[in-house]
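Only a predicted model underlies this, so the values are computations on that prediction, with no experimental measurement involved.
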Amino acid sequence: MKADARTEGEIMAMLRDFTDAYEKRDMERLLSCFAPDPDVMIIGTGPDEKRVGPGEIRAQVERDWQQSESVRLEFGRTSISASGSIAWVAADLTFHAQAEGKRIVMTGRLTAVLEKRGDRWLWMLSHFSVPAGGQAEGESFPGE
């Protein structure tokens with residue numbers, strides 16, 4: 001069910017806080033956006049980017065930052081739904097990065113599950129994917 005205006009506003013504020021922390025490379029603030037649970041998870045675009053637990057998330061973010069000079073995140077169309085203390089987000093997300101002197105733009109899709117604990121929404125699961133290359137619009141499967 002579509003989130004009410006208050007819930008949507010709280011989650012959008014958390015997404016902005018996460019984005020700001022990621023761009024400014026503020027690890028402690030960034031990690032505070034995630035639940036401290038051992039099964040909190042992020043899944044990225046790389047074959048090895050399935051990270052479970054705060055320690056693995058920290059390691060992934062450190063790797064991201066080591067392999068880039070700067071990163072800016074831009075949210076596009078965002079859908080937020082909720083039921084009780086659980087919310088789910090689907091959004092268009094573009095990474096603008098500077099890595100090894102090259103400008104990289106990676107446009108993809110973010111899905112996330114959040115849980116409200118106390119007065120804060122925390123990420124429980126985050127999955128960022130990039131549409132399959134070689135798959136034409138209107139086609140269900142990539143071509144050769």
Side-chain angles (χ1 to χ4, degrees), residues 1-83 85-139 142-143:
M1 92 175 38
K2 179 95 170 106
D4 61 39
R6 178 180 173 186
T7 298
E8 188 170 323
E10 291 172 352
I11 291 173
M12 287 304 297
M14 188 278 301
L15 292 175
R16 284 189 299 274
D17 190 42
F18 169 84
T19 298
D20 190 59
Y22 191 89
E23 291 173 357
K24 291 180 178 172
R25 300 175 184 238
D26 183 339
M27 182 65 78
E28 297 315 310
R29 189 167 138 218
L30 181 105
L31 290 176
S32 76
C33 295
F34 291 89
D37 303 11
D39 61 343
V40 64
M41 184 184 304
I42 63 171
I43 301 170
T45 58
D48 66 336
E49 292 183 346
K50 181 178 178 184
R51 306 295 186 211
V52 181
E56 288 188 12
I57 292 172
R58 175 186 289 272
Q60 179 63 52
V61 173
E62 286 173 346
R63 184 176 92 175
D64 291 353
W65 292 345
Q66 288 170 355
Q67 294 181 13
S68 64
E69 290 88 54
S70 66
V71 176
R72 183 174 59 83
L73 305 177
E74 178 184 4
F75 279 91
R77 188 176 72 190
T78 302
S79 172
I80 300 172
S81 299
S83 180
S85 63
I86 303 297
W88 50 100
V89 176
D92 295 331
L93 178 62
T94 303
F95 276 76
H96 300 270
Q98 188 76 20
E100 297 182 359
K102 298 176 192 164
R103 183 174 174 263
I104 298 167
V105 178
M106 193 166 49
T107 301
R109 301 168 180 145
L110 171 77
T111 53
V113 176
L114 300 97
E115 181 179 0
K116 189 165 190 180
R117 295 188 181 174
D119 63 347
R120 295 196 66 215
W121 287 96
L122 299 175
W123 295 58
M124 300 300 296
L125 170 67
S126 171
H127 183 193
F128 180 70
S129 63
V130 176
Q135 184 172 334
E137 190 169 324
E139 297 294 323

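In this structure, the side chains of Arg51 and Val61 stay at 4.5 Å or more apart for every pair of heavy atoms. Contact annotation: the side chain of Phe34 never approaches that of Leu122 to less than 4.5 Å [non-hydrogen atoms, C-beta and beyond]. Side-chain atoms of Gln98 and Arg103, non-hydrogen and from C-beta on, do get closer than 4.5 Å to each other. For the pair Thr45/Phe128, a side-chain contact is recorded, criterion being any heavy-atom separation below 4.5 Å from C-beta on. Side chains of Arg63 and Glu49 form a contact here, defined as non-hydrogen atoms less than 4.5 Å apart. Between Thr107 and Asp92 the shortest side-chain heavy-atom distance does not fall below 4.5 Å.
Note: Leu15 CG to Ile80 CD1 = 6.0 Å, rounded to the nearest 0.5 Å. Atom OG of residue Ser85 and atom CH2 of residue Trp121 lie 6.5 Å apart, to the nearest 0.5 angstrom. Annotation: the span from Met1 atom CE to Ser81 atom OG amounts to 9.0 Å, rounded to 0.5 Å.
Under the 3.5 Å distance criterion, the side-chain polar atoms of Arg120 are matched with a main-chain donor or acceptor of Ser32. Although no hydrogens or angles enter the test, the distance criterion places no donor-acceptor pair under 3.5 Å between the side chain of Ser68 and the main chain of Gln66. A donor-acceptor contact shorter than 3.5 Å is absent between the side chain of Asp37 and the backbone of Val40. Panel note: side chain Glu23, backbone Leu73; a donor-acceptor pair is recorded below 3.5 Å.
In terms of heavy atoms, Glu115 sits closest to Ile86 at CG-CD1, 3.9 Å. Counting all heavy atoms, side chain and backbone alike, Pro54 lies closest to Pro38 at CD-CA, 4.4 Å. Residues Phe75 and Ala91 share a closest heavy-atom pair of CD2-CB, 3.8 Å.
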Take Glu8 and Thr78 through the test side-chain contact (heavy atoms from CB on, under 4.5 Å) and record every step on the way to the result. CA-CA 10 Å; Glu8 188 170 323; Thr78 302; over 6 Å; no
How far apart are the C-alpha atoms of Phe95 and Val71, what are their side-chain angles, what is the distance that settles it, and do they pass the side-chain contact (heavy atoms from CB on, under 4.5 Å) test? CA-CA 7 Å; Phe95 276 76; Val71 176; 3.9 Å; yes
Ile42 and Trp123: CA distance, side-chain angles, deciding distance, side-chain contact (heavy atoms from CB on, under 4.5 Å) verdict: CA-CA 9 Å; Ile42 63 171; Trp123 295 58; 5.7 Å; no
Evaluate the side-chain contact (heavy atoms from CB on, under 4.5 Å) criterion for residues His127 and Arg109: first the C-alpha distance (whole Å), next the side-chain angles of each, then the deciding distance (0.1 Å), finally the verdict. CA-CA 8 Å; His127 183 193; Arg109 301 168 180 145; over 6 Å; no
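Ion pairing of Glu56 with Lys50 is absent here, as no side-chain N (NZ or NE/NH1/NH2) approaches a carboxylate O to less than 4.0 Å. Ion pairing between a basic and an acidic side chain is recognised when a charged N comes within 4.0 Å of a carboxylate O; Glu28 and Arg58 show such pairing.
Annotation for Lys102: atom NZ does not count as buried by contact number, only 12 or fewer foreign heavy atoms lying within 6.0 Å.
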